[in-house]
Amino acid sequence: MASKASLRPIVISGPSGTGKSTLLKRLFADYPDNFGFSVSHTTRKPRPGEEDGIAYHFVDRPAFERLIVEDAFLEHAEFSGNYYGTSIKAVEDVGAHGKTCILDIDMQGVVSVKNTPLNARFLFLAPPSLETLRARLEGRGTESPESVKKRMDQAEKEMAFAETGAHDKIIVNDDLEKAYKDLVSFVFEEQ
Ligand SMILES: Nc1ncnc2c1ncn2[C@@H]1O[C@H](COP(=O)(O)OP(=O)(O)OP(=O)(O)O)[C@@H](O)[C@H]1O
């Protein structure tokens, strides 16, 4: 196994419930020095113990809105009255610290990363079938029936998007060990 991961950011996408968090958790545990997540911006107030620049970049609304106007964000959204966003610079900073930035984002995020100079590599994690995906979402025990339905509808769109060839690699997460092995090969692959 090569010891040095490429410093090009890696975008991992795929339907909710395909296993992205499961696989990434294992990757970060096995290779803690090689990979990092970007630090997001937020307008919510820090909770006790949350350090600026580590948990989040904490900014006020005018500052966040200025960054929106400057096109600084790959993606941003408002949840319960607060803005959250991932800036291009936050992704570059991970690389500047010698780690490969991993972005776990949806298809809109994939499109927006493609429109930046980040020169990312794109991985799509697919479920073996939509039936299996539904079973995993239900089995995870975190989703209401409405939420499962919403995620399944979105999953069909994500799968159709993957068929357009937008990604460098598609891994089917059927057998977890096999999918993990494929993930490790992809992330350490020479460019
Ligand atoms: N290969 C696999 N075989 C069986 N079950 C799996 C496999 N991979 C993941 N799972 C299970 O499927 C469920 C969904 O996985 P996970 O939460 O990692 O998905 P996710 O893609 O990160 O979803 P989200 O985008 O909603 O965060 C979890 O309960 C996980 O344990």
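We're numbering straight along the sequence, starting at 1. What you are looking at is a predicted structure, and each value in this text was computed from that prediction instead of being measured. Counting convention: from 1, in listed order, for ligands and their atoms alike.
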**Request:** Using a strict cut-off of 4.0 Å, indicate which atoms of ligand 1 neighbour a heavy atom of Ser21.
**Result:** 18 (O), 20 (P), 22 (O), 27 (O)

**Item:** Candidates Val39, Ile105, Leu103 - the one meeting side chain to side chain contact (heavy atoms under 4.5 Å, CB included) with Thr86
**Value:** Leu103

**Message:** Quick one about Thr142 and Arg140 (side-chain donor to acceptor, distance below 3.5 Å, no hydrogens or angles considered), yes or no?
**Reply:** yes

**Prompt:** Backbone, side chain, both or neither: what part of Leu137 comes under 4.0 angstrom of ligand 1, heavy atoms only?
**Reply:** neither

**Item:** Contact atoms of ligand 1, heavy-atom distance to Thr22 under 4.0 Å
**Value:** 9 (C), 15 (O), 16 (P), 18 (O), 30 (C)

**Item:** N or O pair under 3.5 Å between Arg136 and ligand 1
**Value:** yes

**Request:** Provide, to 0.1 Å, the distance between atom 8 (N) of ligand 1 and the closest protein heavy atom, together with that atom's residue and name.
**Result:** Asn173 ND2, 2.9 Å

**Prompt:** How about Phe58 and His41: are their ring centroids closer than 6.0 Å?
**Reply:** no

**Message:** Please compare Ser147, Ala135, Ala155, Ser16 and report which has the shortest non-hydrogen distance to atom 26 (O) of ligand 1.
**Reply:** Ser16

**Message:** Is the contact between Pro15 and ligand 1 made by the side chain, the backbone, both, or neither, using heavy atoms and a 4.0 Å cut-off?
**Reply:** backbone

**Message:** Ignoring hydrogens and geometry beyond distance, is a side-chain donor-acceptor pair present between Asn173 and Tyr180 at under 3.5 Å?
**Reply:** no

**Among His167, Gln108, Met107, the one residue meeting side chain to side chain contact (heavy atoms under 4.5 Å, CB included) with Ser13** = His167

**Request:** Run the numbers on Asp174 and Lys178 for salt bridge (Lys or Arg N to Asp or Glu O under 4.0 Å), then give the verdict.
**Result:** CA-CA 8 Å; Asp174 187 352; Lys178 163 92 173 55; over 6 Å; no

**Heavy atom of Asp174, distance to ligand 1 below 4.0 Å** = yes

**Request:** Tell me whether the centres of the aromatic rings in Phe161 and Phe124 are closer together than 6.0 Å.
**Result:** no

**Message:** Could you check whether any heavy atom of Arg151 sits closer than 4.0 Å to an atom of ligand 1, since that is the contact criterion I want to use?
**Reply:** yes

**Prompt:** Which atoms of ligand 1 have any heavy atom of Leu176 under 4.0 Å away?
**Reply:** 1 (N), 8 (N)

**Asked** Going through the distances and angles, do Arg61 and Glu78 end up as a salt bridge (Lys or Arg N to Asp or Glu O under 4.0 Å)?
**Response** CA-CA 11 Å; Arg61 288 184 77 86; Glu78 200 168 357; 3.1 Å; yes

**Asked** Got the closest protein heavy atom to atom 25 (O) of ligand 1, with its distance?
**Response** Lys20 NZ, 2.9 Å

**Asked** Can you tell me which residue and heavy atom of the protein come closest to atom 19 (O) of ligand 1, and the distance to 0.1 Å?
**Response** Gly19 N, 3.1 Å

**Request:** Considering only non-hydrogen protein atoms, determine which one is nearest to atom 14 (C) of ligand 1 and report residue, atom name and distance to 0.1 Å.
**Result:** Gly17 O, 3.4 Å

**Heavy-atom pair of closest approach, residues Tyr83 and Thr43** = N-OG1, 2.8 Å

**Message:** Within the structure, is a non-hydrogen atom of Ala179 found at a distance of less than 4.0 Å from ligand 1?
**Reply:** no

**Distance-only side-chain donor-acceptor flag, Ser147 / Arg151, under 3.5 Å** = yes

**Request:** Give the single entry among Glu143, Arg140, Gln154, Glu138 that approaches atom 29 (O) of ligand 1 most closely by any heavy atom.
**Result:** Arg140

